[in-house]
Amino acid sequence: MEFFTTLYLLLLSSSAAALVLSFFFQKFFMSLREAKLPLPPGSMGWPYIGETFQLYSQNPNTFFAAKVKKYGSIFKSHVLGCRCVMISSPEAAKVVLVSKAHLFKPTFPASKERMLGKQAIFFHQGEYHAKLRKLVLRAFMPEAIKSFMADIESIAVTSLQSWEEKDFITTFQEMKTYAFNVALLSIFGKDEFLYREDLKRCYYILEKGYNSMPINLPGTLFHKAMKARKELAQILAKILSLRRQRQRDQAHSDLLGSFMEDSEDLTDEQIADNIIGVIFAARDTTASILTWILKYLAENPTVLHSVTEEQEAIMKRKEEKGLSWADTKTMPITSRVIQETLRVASILSFTFREAVEDVEFNGYLIPKGWKVLPLFRNIHHSPENFPEPEKFDPSRFEFTPKPNTFMPFGNGTHSCPGNELAKLEILILLHHLTTKYRWSTMTPQNGIQYGPFPLPQNGLPIKLSPKAKAEAKA
Ligand SMILES: *[C@@H]1O[C@H](CO)[C@@H](O)[C@H](O)[C@H]1NC(C)=O
């Protein structure tokens with residue numbers, strides 16, 4: 001009896017010990033596995049400030065290029081108070097943006113969320129994001145934007161006429177107005193003119209605050225921006241109630257119509273946040289690209305010549321009629337100029353994601369909570385993807401770039417849903433610009449400013465004159 005009890009106890013305790021042991025072994029091996037995965041190479045700089053100073057004391061591209069050269073295409077750093085992993089290979093970008101996108105959520109500073117509105121599409125994932133994306137895509141797909149072509153064209157023609165009357169124009173400022181008016185048209189349809197000036201005034205205040213220090217005290221730019229944000233929401237509420245009063249059977253192919261469809265069940269606040277967000281995403285990006293295009297065309301007369309020939313042929317063919325959707329599909333040279341400008345200028349140098357859990361990545365560990373930055377500009381400027389990357393050469397787009405080497409609109413479920421509209425409004429403006437006008441830059445311009453997108457110095461001041469006159473003088 002004694003013996004059995006002892007044996008029993010022994011067995012019991014040994015199995016408990018085995019359990020405890022195996023538990024520790026498991027822990028040990030698990031931590032070993034984690035420990036075995038190293039962090040990507042790189043340096044973290046000073047405590048807290050990290051390498052922010054190095055990043056901003058020079059052209060950011062110099063910082064990224066030096067890092068890639070030293071550490072390869074995946075490296076760690078510490079900027080703007082965040083530990084992060086920067087990636088600059090097409091394969092890695094594909095993993096973060098497309099194939100493992102669920103492990104990397106989009107992320108923005110809280111102050112930007114407050115300003116644009118917490119319910120805006122950029123700040124979400126999952127079901128709510130998918131629903132919004134569907135609604136935005138529906139309003140920006142070719143079928144929908146086709147119906148606005150004549151109106152976009154008349155905005156372009158009027159803008160150009162108003163520039164012609166001035167001694168000089170600041171290209172970026174004027175392009176902002178153009179892109180803003182096109183954005184309002186695509187969102188509110190014919191209703192936009194009712195509120196255009198109010199919306200514009202609020203928007204310019206909001207934008208000044210967006211890039212300022214997020215200090216919400218009376219007098220600060222941030223405070224003024226938050227007030228403008230409230231006023232914007234009030235204007236949008238008025239537009240919404242105006243639409244609701246109208247007859248139901250009026251179908252609207254604009255973004256507001258898409259958001260307001262009963263079945264979609266969005267609150268007024270959700271609609272407002274998303275409309276403010278869409279305007280924000282549409283305006284300065286499109287305006288920067290247009291500004292760069294004018295600069296590159298002015299610097300490359302042969303390219304300008306072939307674009308002009310292409311556009312003149314279309315003008316002759318269509319005679320007095322407006323541009324059709326089909327016309328815009330027969331502008332290969334002009335389209336390649338847009339693509340090459342998107343590549344060289346790469347106005348969104350990178351984007352922010354955040355690891356939602358510990359992720360094993362190419363043999364490295366990306367710890368949960370770290371930011372992950374796909375470096376679009378480096379990918380677009382790598383000689384492996386684009387030989388002689390600094391050269392402006394639209395003909396390189398005669399061949400389709402390899403997957404994930406050219407992502408001016410991103411990739412995956414968070415890619416830009418407005419890309420078709422952006423290309424369309426650029427083509428329409430270039431059609432009228434190149435067939436009727438010539439322009440010259442005011443001073444030799446080689447500087448670049450960041451605000452926050454890279455831009456030609458001072459927003460590219462130019463003098464615009466009707467083509468006939470310009471040619472007579474020459
Ligand atoms: C986006 O990713 C998919 C999958 O890798 C790829 O097929 C596609 O070409 C990519 N898009 C771009 C613009 O590179």
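Order of appearance sets the numbers: ligands from 1, and atoms from 1 within every ligand. Computed over heavy atoms, backbone and side chain alike; hydrogens, waters and symmetry mates excluded.
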Close-contact set for ligand 1 against Val98 heavy atoms, below 4.0 Å: 2 (O)
Test log, rule ring pair (Phe, Tyr, Trp, His ring centres under 6.0 Å), inputs His380 and Phe406: CA-CA 6 Å; His380 295 167; Phe406 180 59; 5.4 Å; yes
Cation-pi check, Arg283 onto Tyr204 ring (under 6.0 Å, within 45° of axis): yes
Donor-acceptor contact present, side-chain Ser324 to main-chain Asp327, <3.5 Å: yes
Ligand 1 versus Phe409: contacting region, heavy-atom distance under 4.0 Å: neither
Any donor-acceptor pair under 3.5 Å from Tyr203 side chain to Ile276 backbone: yes
Min N/O separation Asn404 to ligand 1 under 3.5 Å: yes
Proximal candidate to atom 10 (C) of ligand 1 [heavy atom criterion; set Val95, Thr400, Thr405, Asn411]: Asn411
Check: Asp254 side chain, Ala139 main-chain N or O, donor-acceptor pair, under 3.5 Å: no
Heavy-atom nearest neighbour in the protein, as seen from atom 13 (C) of ligand 1, with distance rounded to 0.1 Å: Phe406 O, 3.5 Å
Atoms of ligand 1, numbered as shown, that sit under 4.0 Å from any heavy atom of Lys94: 5 (O)
Shortest reach to atom 6 (C) of ligand 1 by a heavy atom, considering only Ser99, Pro408, Pro403: Pro403
Neighbour count >12 (heavy atoms, 6.0 Å) for atom CZ, Arg133: yes
